[in-house]
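Chain naming here is simple, since letters A, B, ... match the order of the sequence lines and numbering starts at 1 in each.
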Amino acid sequence: MTPVATPNDAVTAAASRLGVERGGLVGLVVAPGVAVGLATGRERLAIAVGCAPEELVRELDERFRPRWVTWSGDTAATLIRSGVRLATCWDVAAVHRLLFGGWKADPARVWAGTHGLPIDGLPSDGPPNLFSHRDLDAGELEAPVRHDGYLRPDWVQGGWAATAERTARWAEQALVVASGQGAKLAALRDRPRCGAVARSESTAELLCAELAHDGLPLDRAAAEQILGDLIGPRPASEADAAAGRARRDAAVFAHIPGGVDIDLRSPGQVKALFGRLGIDLPDTRAWRLRAMADEHPVIAAFLAWRKAERVATTYGYGWLDEHLADDGRLRGDWTGCDGAAGRMTASAGLHNMPADFRTAVIAEPGHVFVRADLGQIEPRVLAAVSADKSFAAASHADDMYAPVADELGVDRATAKVAVLGAMYGQTTGHGANAMRGLRATYPVAVAYLEAADRSARAGQDLRTYGGRRIPMGSPGGLPGVGGERRPGERELAGRAAARGRYGRNAMVQGAAAELFKMWAVTVRARAAAYDARIVLCLHDELLIQTPVAHGDAVAALVGDCLGEAARRWAPDGSVRFVADIVTISRWSDAKG
DNA sequence: TGCGGCTATTG
DNA sequence: CACAATAGCCGCAG
């Protein structure tokens with residue numbers, strides 16, 4: 001009689017062979033239908049038979065809670081589709097973006113980065129070269145690394161998933177990268193929190209995969225009601241849609257004696273039309289038109305047209321059809337950090353949905369939302385990262401601008417403009433005067449911003465408080481600019497100033513993003529005990545759906561998590577961070 | 001067909 | 001109308 005191996009036995013055996021322990025690094029790759037590759041410093045292992053590989057990963061995660069080393073969020077996405085959600089990870093792509101900046105973080109690039117190999121020497125992913133193959137023995141073909149130190153392109157492009165053994169090797173390579181990244185982070189001695197940030201940026205990738213999979217609850221009937229009020233009922237055909245467009249256009253043309261026939265979607269034609277009516281404008285932006293609304297009734301009609309047109313094209317029925325599934329969830333792609341300062345991004349309108357639609361974001365039956373948003377996060381973050389003691393003292397007020405206004409001897413609105421102007425780089429207009437007061441009162445914080453501004457102007461890379469590199473290599477975009485035209489002195493100065501504004505803002509916005517993600521992953525971890533899940537991240541705001549019975553507990557927990565995250569991110573504790581936390585059934589019920 | 005400009009939405 | 005993002009349509013170059 002042969003004893004049948006239970007999943008439990010398999011897990012124990014695997015854990016024992018690998019030496020899995022709580023918080024220990026374990027390389028993990030998943031090749032669906034092939035194998036799960038696992039690797040530790042002790043051994044590598046491929047699980048291709050026996051119990052379901054995903055089940056084994058789940059068991060290992062729950063029993064030992066290692067820090068899984070992944071190549072990217074794709075691993076988490078694959079596992080989530082199998083019903084497995086990891087607790088924590090070290091995502092080498094996320095850490096690469098932190099260390100090197102920018103967004104590209106494919107395995108070939110990440111490997112080269114940690115090994116100090118030039119990016120422009122990356123082997124091309126063209127067809128295999130027969131001559132080079134002839135010199136390789138079988139062992140080398142099975143090795144993921146070339147003699148010159150780069151990863152083999154065929155492995156990178158999917159070859160890693162060809163066999164069970166290769167998945168184990170690929171997991172091992174990820175572990176090697178993580179180790180190199182750890183060394184690089186340790187070398188950033190003036191960024192003591194970068195290790196903690198690397199871990200939260202990694203786990204944010206797990207959160208992103210979950211957000212993409214789960215989606216945001218959006219009530220279809222409520223959403224279509226809103227649409228109907230703005231642009232009318234769902235068109236039954238293309239002809240119907242065209243008739244609707246013509247009807248909306250006609251409502252604008254009706255205000256023009258004699259009638260016209262222009263394309264309202266063309267700013268140039270609209271500008272010309274207003275010109276014929278005696279209204280001269282440099283452009284047709286809404287704020288400019290709104291100021292001229294008294295001049296002619298067509299302006300108000302046109303602004304209403306713009307609003308409806310916007311909804312019809314971007315947030316109309318097509319938007320719902322494309323992104324809102326039958327289960328009432330609006331789904332988009334999520335990235336843990338953008339290419340600039342490192343904020344999370346989302347597509348499908350999740351980050352820029354018009355506020356009107358928030359009434360359609362309704363908690364599902366038996367659930368409520370806990371909505372929490374950070375108050376005045378950017379000035380508080382500036383106080384922390386610059387270590388300005390006076391500015392930090394101001395953060396102890398619920399409204400930070402009140403003590404700042406007192407110190408500067410100005411009203412609150414002026415104080416706010418001055419602070420925001422300093423962080424965004426505004427140097428002209430109303431903010432300029434208050435700026436001098438700010439420099440006198442909070443010299444450390446202002447010096448921090450101005451140092452960032454100077455570095456950025458000079459084209460020197462920046463690094464945020466948490467260690468994210470802000471590349472300034474070829475800043476401001478405008479690559480090359482075809483032709484012989486050389487930019488004038490004014491234009492060059494303008495571009496340098498833009499780089500300066502970008503740089504000073506990136507240091508604040510980037511640091512705020514680090515704290516926010518640390519908060520988010522802390523909430524994610526703690527809220528799981530209440531069956532609560534984050535359904536939306538919005539730069540300084542979390543929306544969490546939880547069973548009704550746990551609403552109050554989760555609301556309290558979210559506040560605790562902010563304190564915990566703040567202590568982990570900035571252990572000094574001199575800055576107070578605040579959040580407005582409410583338990584609601586519709587997103588729109590939150591007080592704004 | 002691709003891309004810069006314009007416009008609008010969000011934080 | 002500063003800083004960031006996504007996203008659509010227009011107009012123009014190739």
Side-chain angles (χ1 to χ4, degrees), chain A residues 103 230 245 262-271 281-291 302-303 305-316 318-319 322-323 332-358 361 373-379 381-382 416-432 435 449 452-453 456 470 475-483 494 497-513 516 536-543 587 592:
Chain A
W103 196 81
L230 283 167
R245 280 195 296 273
I262 65 159
D263 185 354
L264 293 171
R265 292 154 195 80
S266 166
Q269 292 182 42
V270 171
K271 188 162 165 281
L281 296 165
D283 57 57
T284 66
R285 288 176 158 84
W287 66 270
R288 222 185 276 282
L289 288 172
R290 213 164 286 128
F302 176 69
L303 286 169
W305 177 92
R306 271 260 177 91
K307 192 175 171 65
E309 174 72 6
R310 181 93 196 121
V311 169
T313 55
T314 306
Y315 304 104
W319 170 61
E322 192 173 347
H323 303 293
D333 298 325
W334 285 80
T335 60
C337 67
D338 58 37
R343 297 210 299 195
M344 294 173 79
T345 66
S347 67
L350 287 158
H351 273 179
N352 50 359
M353 177 193 309
D356 294 345
F357 286 90
R358 293 185 181 195
V361 178
D373 78 303
L374 300 173
Q376 302 168 343
I377 184 58
E378 292 193 338
V381 157
L382 172 60
K416 181 175 176 177
V417 167
V419 171
L420 293 178
M423 290 190 299
Y424 292 148
Q426 185 182 47
T427 52
T428 57
H430 190 282
M435 183 66 210
L449 294 167
D453 193 302
I470 312 293
L478 298 173
V481 181
R499 283 204 305 273
R501 290 196 300 270
Y502 173 87
R504 68 164 73 206
N505 180 252
M507 294 294 275
V508 177
Q509 189 184 103
F516 175 80
L536 190 70
C537 292
L538 198 46
H539 309 312
D540 64 351
E541 177 175 355
L542 286 174
L543 194 65
W587 193 14

Practice problem: Mark up nucleotides 9-14 of chain C, 5' to 3', with B wherever a protein heavy atom is under 4.0 angstrom from a base atom, S wherever such an atom reaches only the sugar-phosphate, and - elsewhere. | Solution: -SS---
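Comment: A/Arg288 engages A/Asp283 in a salt bridge, judged by a side-chain N to carboxylate O separation of less than 4.0 angstrom.
Note: A/Asp540 CG to A/Gln376 CD = 11.0 Å, rounded to the nearest 0.5 Å.
For A/Phe357, the ring-ring contact (aromatic ring centres under 6.0 Å, His included) test picks out A/Trp319, with sequence neighbours left out. Annotation: ring-ring contact (aromatic ring centres under 6.0 Å, His included) contacts of A/Tyr502 (sequence neighbours excluded): none. Here A/Arg290 pairs with nothing under the salt bridge (charged side-chain N to carboxylate O under 4.0 Å, His left out) rule; sequence neighbours left out.
Between A/Trp319 atom CH2 and B/dT9 atom P there is a gap of 14 Å when expressed in whole angstrom units. Rounded to whole Å, the distance from NE2 on A/His323 to C1' on C/dA7 is 10 Å. The OH-P distance, from A/Tyr424 to C/dA4, rounds to 10 Å in whole Å. Note: CZ (A/Arg504) to P (C/dA2) measures 15 Å, nearest angstrom. Remark: P of C/dA4 and CH2 of A/Trp103 are 19 Å apart, rounded to the nearest angstrom. Rounding to whole angstrom units, CZ of residue A/Arg306 and P of B/dA8 are separated by 4 Å. Rounded to a whole Å, the CZ atom of A/Arg501 is 6 Å from the C1' atom of C/dA2. If you take NE2 of A/His539 and P of C/dC3, they are 16 Å apart, rounded to a whole angstrom.
Nearest to the side chain of A/Pro354, among C/dA4, B/dT9, C/dC1, sits B/dT9. Checking B/dT9, C/dC3, B/dA8 against every side-chain atom of A/Arg285, the shortest atom distance belongs to B/dA8. Ranking B/dT7, C/dA2, C/dA7 by closeness to the A/Thr314 side chain, first place goes to C/dA7. Nearest to the side chain of A/Arg358, among B/dG11, B/dT9, C/dA2, sits B/dG11. Distances from the side chain of A/Thr284 to the nucleotides C/dA4, B/dT7, B/dG11 place B/dT7 closest.
Looking only at side-chain heavy atoms (C-beta outward), A/Leu264 and A/Glu309 stay at 4.5 Å or farther from each other. A/Glu378 has its side chain within reach of A/Gln509: a pair of non-hydrogen atoms, C-beta onward, lies under 4.5 Å apart.
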Can you list, pair by pair, the side-chain donor-acceptor contacts under 3.5 Å of residues 345-353 of chain A, counting residues two or more places apart and other chains?
residue, atom, partner, partner atom, Å
A/Thr345, OG1, A/Thr335, OG1, 2.3
A/Ser347, OG, A/Asp333, N, 3.0
A/His351, ND1, A/Ala346, N, 3.4
A/His351, NE2, A/Cys537, O, 2.6
A/Asn352, OD1, A/Tyr315, OH, 3.4

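Near-neighbour residues of DNA chain B inside residues 336-349 of chain A, defined by a heavy atom below 4.0 Å, number-ordered: A/Arg343.
Counting only N and O atoms by type, the side chains of A/Arg265 and A/Thr313 include no donor and acceptor under 3.5 Å apart.
Between the side chain of A/Arg504 and the backbone N or O of A/Ala452, no donor-acceptor pair lies under 3.5 Å.
Among the heavy atoms of the strands, none lies under 4.0 Å from A/Met423. Within 4.0 Å of A/Ala355, counting heavy atoms only, lie sugar-phosphate atoms of the nucleic acid but no base atom.
Residue-to-nucleotide contacts include no donor-acceptor pair under 3.5 Å from the side chain of A/Asn352 to the base of B/dT10.
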